[in-house]
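Within every chain, numbering begins at 1; the chains are lettered A, B, ... in the order of the sequence lines, protein sequences first and strands thereafter. Only this structure's heavy atoms are used, side chains among them; waters, hydrogens and symmetry mates stay out.
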There are 2 protein chains.
Amino acid sequence: MATIRDVAKRAGVSVATVSRVLNQNGYVNEETEKRVRRAMKELNYKPSEVARALFKKTSKTVGLIVPDITNPFFPELVRAVEDVMNIYDYTVILCNSDEKAEKEREYIEVLKQKYVDGVILTTNQLTPDEVDEWDVPIVVLDRPFNEKYPSVVVDNYRGARLATRHLYDMGCRRIAHIQGPMYVVNAVERFRGYQDEMMELGIWEQRLVIQGNYQLKQAKEAVMAALAQQEIDGIFAGNDAMAVGALKAVQQCGLRVPDDIAIIGYDGIPLTEMTTPELSTVSQPIYDMGAIAARILIKQIEGKPLEKLHYQLPVQLIVRQSTSRREQM
Amino acid sequence: MATIRDVAKRAGVSVATVSRVLNQNGYVNEETEKRVRRAMKELNYKPSEVARALFKKTSKTVGLIVPDITNPFFPELVRAVEDVMNIYDYTVILCNSDEKAEKEREYIEVLKQKYVDGVILTTNQLTPDEVDEWDVPIVVLDRPFNEKYPSVVVDNYRGARLATRHLYDMGCRRIAHIQGPMYVVNAVERFRGYQDEMMELGIWEQRLVIQGNYQLKQAKEAVMAALAQQEIDGIFAGNDAMAVGALKAVQQCGLRVPDDIAIIGYDGIPLTEMTTPELSTVSQPIYDMGAIAARILIKQIEGKPLEKLHYQLPVQLIVRQSTSRREQM
DNA sequence: TCACTTTATGTAACCGGTTACACAAAGTAT
DNA sequence: ATACTTTGTGTAACCGGTTACATAAAGTGA
């Protein structure tokens, strides 16, 4: 690999001049620049990002910490971040934290050692105090965390109310909710939305709440158990994977969706269009969330002012077959 | 951030000694080492990976180029690579190539500038000649590419024969194949397997081949069109997404799966368990593929000998409801 | 013509590690 | 006692960029 000194020698100039050509700053004679560019081309010279990073303490690299890329909500988010970063010549280091504080800590440490310019966090088990010490630009994505840090989230509470209300409008009166894990803020918000809406409708009952962990399988079993014990005519699942679990449970019990039990999920992952019947869901603008988070991070890195610190994107109720009693059959 | 010189000063030694402690090489007196370690702890010193990378020309970072993380086949693969790399203290830069040669080239260029230690390629539109010039360790994953480079693939040909034969055994005689894009080697192999098996069974017919592009939607439409024109009693889809498309098309035509038409996919992504009926498929050991590729890459990077250059992992026929005529109903 | 600005380029220090080499003290074999 | 090896540590060059500072020629205004 050719270095800047090789280029300098070949062009008959000093390394400073080559550097000026590279960075387009300082004064460089037109003729000289041409000679330098020719030398660069002839040697197929590409500057070392590492040498640059060492001096500038910035690496054109960002970290992206997700709980688990295998969770179908995240690929689209990751893709969006990657796309935007790519446009601005940043590179993305992907980290799976499994929601473990220890893994998050380790990753942050490593990322800092590699001089990443910023980090997008879609998971967080750490305290704000701990995060304060990182002195790296941070954007919080999907999970509300702390006032201080820029964030991109959706209105989980409102979405949950929308979903619950929709089931009610479809004629459901005994609406169960499969709750996500309570250590995930979003799951709590969705539960709150469900609870408030149910209370307002005067049909709230504690036992309609089913404990889930965001996984299909566990949700399926939990719903099977619930169906055996009580009457239910609608299910609002805390995410789409659990909605599929519910769907399977209901079908396995010989009941029909949506005729006997209507089901609605949350997230709007592609999967919801693949089931039979197709699943209604509260759709989040996943790609946009990732893209906006990436843009905000870049602004922060480049020291530009943010118009807004906290972005809350709208959710959208998507009605499909699993809650459409009229149109279907 | 404290530097090695700060540590040296505080411990009252030279930077060389600190470096020796860090890397556990050379002679260091026990007492001295203790002092150095104390100083490191007190200053919360973490060595700069960037400075190291500059000198050593190695960065404890690898590149992973996939066509599109949004394609449900890849998250598990990516996760496996990340998990293994994490164990060995490597970090993973994720790149989406969209199967475009130009993007692949750009990424490789950037990765080299960042001194990545190796690259895992799950896509490739480039010629071996071009790849030869990279002088970075490469492992080819999922897509067979060139004899020279270590690879991890599955036997697509055999899997396709298995699937076709399975449909035949289930009583299907007019077995259609939804073909993936012909610029993807795997799709060609799967087609070949289908074709050879059909010929051997004496039921091959050119018009049973349906052109797909690995996408659900397009496959659904193609199958709708095919169903209108000819009789079909079994469908072997080139991947699981297209199998779901086929499933939807068949159901939309008012036909039953598997009774009227049996369907089998390829890949074994989680999605296949979420449909109703659940999809039979030829399952690839996705996680293992990623994990093995990662291990091979690390061996190469660390200059250890590979026991084997090419790994071909077994596929497994998974029979579910979409091809089970007896058990069901 | 003189002082000052603009243009153009080079020299060398610096970023934060690693390591070749030098040097000295202590241990060991003869 | 001498020669040689082992242990322990420091100095300084190096990796490949960037940039502060120095220098000088050319241009500009009074």
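dG16(D) atom C1' lies 17 Å from atom CZ of Arg20(A), rounded to whole Å. Rounded to whole angstrom, the span from the CG atom of Asn29(B) across to the C1' atom of dA26(C) amounts to 12 Å. Atom pair Arg35(A):CZ and dG10(C):C1' shows a separation of 13 Å (rounding to whole Å applied). The OH-P distance, from Tyr27(B) to dT6(D), rounds to 7 Å in whole Å. With rounding to whole Å, Leu22(A) atom CG is found 15 Å from dG16(D) atom P. Between the NZ atom of Lys56(A) and the P atom of dG16(D) there is a distance of 18 Å, given to the nearest Å. Regarding Phe55(B), its CZ atom lies at a distance of 12 Å from the C1' atom of dG16(C), rounded to whole Å. Computed from coordinates, the Asn25(A) CG to dT18(D) P distance equals 9 Å when rounded to whole Å.
Proximity of Lys46(A) to the phosphate of dG16(D): no side-chain N or O atom is located under 4.0 Å from OP1 or OP2. Taking only side-chain nitrogens and oxygens, Ser48(B) never comes nearer than 4.0 Å to OP1 or OP2 of dG16(C). At dG10(C), one or more side-chain N or O atoms of Thr17(A) fall inside 4.0 Å of OP1 or OP2 (strictly under the cut-off). Remark: Lys57(B) is not in phosphate contact with dT18(C), judged by side-chain N or O atoms under 4.0 Å from OP1 or OP2. Side-chain nitrogen and oxygen atoms of Arg52(A) include none within less than 4.0 Å of the OP1 or OP2 phosphate oxygen of dG16(D). Distances shorter than 4.0 Å separate none of the side-chain N or O atoms of Ser19(B) from OP1 or OP2 on dG17(C). Tyr45(A) has a side-chain polar atom (N or O) that falls below the 4.0 Å cut-off from OP1 or OP2 of dG17(D). One finds a side-chain N or O of Ser14(B) lying less than 4.0 angstrom from the OP1 or OP2 phosphate oxygen of dG10(D).
The nearest heavy atom of DNA chain D to Gly26(B) and to Met1(A) marks one nucleotide each, and the one closer to the 5' end goes with Gly26(B).
With respect to the salt-bridge test (charged N to carboxylate O, under 4.0 angstrom), the residues Arg10(B) and Glu42(B) qualify. A salt bridge is absent between Arg79(B) and Glu76(B); no separation between the charged side-chain nitrogens and carboxylate oxygens falls under 4.0 Å. Salt bridge present: Arg37(A) and Glu33(A) bring a charged side-chain N and a carboxylate O closer than 4.0 Å.
Among the atoms of the strands shown, none is found under 4.0 Å from any heavy atom of Val50(B). Within the nucleic acid shown, Val28(A) comes within 4.0 Å of sugar-phosphate atoms alone, with no base atom in reach, counting heavy atoms only.
In this structure the side chain of Ile298(A) never reaches within 4.5 angstrom of the side chain of Val62(A), judged on heavy atoms. Put simply, the side chain of Asn186(A) reaches to within 4.5 Å of the side chain of Tyr214(A), judged on heavy atoms.
Remark: Lys34(A) NZ is loosely packed, at most 12 non-hydrogen atoms of other residues, nucleotides or ligands lying under 6.0 Å away.
Side-chain contact check for Thr61(A) and Lys114(A): no donor-acceptor pair (N or O, by modelled atom type) lies under 3.5 Å.
Side-chain proximity of Tyr115(B) to dG10(C), dG16(D), dG17(D): nearest is dG16(D).
The CE atom of Met289(A) sits 6.0 Å away from the CG atom of Leu77(A) when rounded to the nearest 0.5 Å.
Each end of the helix from dT1(C)-dA30(D) to dT30(C)-dA1(D) gets its own rotation axis from five pairs of C1' atoms, and the angle between them is 40° to the nearest 10 degrees.
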